[in-house]
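Here is the structure we will look at, set down as structure tokens.
Just follow the structure's listing: the first ligand is 1, and inside any ligand the first atom is 1.
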Amino acid sequence: MIPFTKTILQWYEKSKRNLPWRKRPINSYGVVVSEFMLQQTQVPRVIEKYYEFMTQFPTIIDLANASKSDVVRAWSGLGYNRRALLLHKFAQEVCEKYNGTIPQSSQELIMLSGIGPYTSGSIASFAFNKPEPAIDVNVRRIYMRYFHGKDQGTPMDQQKERELYELVKKTIPYKKSCDFHNALMDFGSLLCERKKPLCSECPLTGSCSFYPLYKNEGEMVLHTLEKKKENGVLEEGKHVPNRIFRGRIVEFVRKNENREVTVTTLGRAIKKDYSPQEKKWVLMLLQNLENDGLLTVTKKKTRIQVQLQD
Ligand code: SF4
């Protein structure tokens with residue numbers, strides 16, 4: 001085991017977070033649920049929803065047999081509702097193609113709905129202890145800082161990502177992929193943070209390539225993320241992405257199922273300063289949600305009825 005790996009594992013033994021999907025024996029289905037929930041959502045919020053979701057759909061078969069609308073209802077509060085649909089589809093595909101048993105290899109996992117390069121690696125390592133790299137922004141940042149002295153969390157070109165993949169693979173300890181990946185996740189969240197790495201508390205300072213640079217130049221050497229402006233509209237003078245309004249529409253429908261409303265009522269419910277000129281925009285959001293398979297919109301003279309798709 002190389003010193004980098006050994007040090008991270010030792011740190012993890014003392015500092016690990018107690019998260020429900022890490023409980024032994026590992027529930028592979030629970031790992032999948034947590035991985036879908038954790039995309040774009042913070043850990044504390046996921047923990048609470050995780051328990052509720054697992055109570056409602058305790059097995060992958062229960063989830064596969066549930067209606068789409070029940071799964072979207074259960075997703076309430078997590079945002080990015082498309083993830084609920086993808087998770088549902090994933091469960092159905094596992095039941096159809098693998099008789100309800102989640103495949104263990106990242107090559108098979110990546111062929112299923114909702115699974116990308118990171119999730120295929122994370123499920124293989126967290127659920128099945130396979131030595132498969134799971135590289136997210138945290139892991140990329142740790143390796144790029146430590147081994148290359150660069151502050152880089154976002155994906156790079158194909159060649160560099162391939163090299164990073166090989167590097168991470170070499171550091172995964174024999175039969176300890178699950179623990180090691182958990183350790184990396186905690187290390188990236190608690191110590192080697194994006195905005196303020198806690199180098200003074202880090203056991204790797206003596207060998208980290210980034211530390212001397214950060215020590216001398218401070219925040220100047222931290223990579224500032226240029227946030228792309230998402231499509232959206234102004235609400236009370238502030239730019240709000242359309243995805244927030246989409247989430248509000250789904251939330252409105254969850255609470256007002258089968259109610260017929262005018263577009264104006266819906267517009268006012270989702271936007272504080274809604275004006276009738278924005279009717280087209282609300283209809284566009286509804287159309288997108290319908291296309292994504294989340295809602296069904298029925299037009300009725302002057303009103304519309306919006307329901308979660310079954
Ligand atoms: S010394 Fe600082 S930059 Fe290097 S791994 Fe530790 S926390 Fe990250």
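- Residues Pro133 and Pro131 share a closest heavy-atom pair of CD-O, 3.8 Å.
- Residues passing the side-chain hydrogen bond (donor to acceptor under 3.5 Å, both in side chains) test with Asn182 are Arg22, sequence neighbours excluded.
- With sequence neighbours excluded, no residue satisfies side-chain hydrogen bond (donor to acceptor under 3.5 Å, both in side chains) with Asn288.
- If you count the protein N, O or S atoms nearer to atom 8 (Fe) of ligand 1 than 2.8 Å, you get 1.
- Taking all atoms of both residues into account, the shortest heavy-atom contact from Val253 to Val306 is CG1-O, 3.5 Å.
- Contact atoms of ligand 1 toward Thr205: 1 (S) (distance under 4.0 Å to a heavy atom of the residue).
- Listed by first and then second residue, the ring pair (Phe, Tyr, Trp, His ring centres under 6.0 Å) pairs involving residues 278-310 are Phe245-Trp281 (not counting sequence neighbours).
- Salt bridge annotation for Arg246-Asp292: present, with a cationic side-chain nitrogen under 4.0 angstrom from a carboxylate oxygen.
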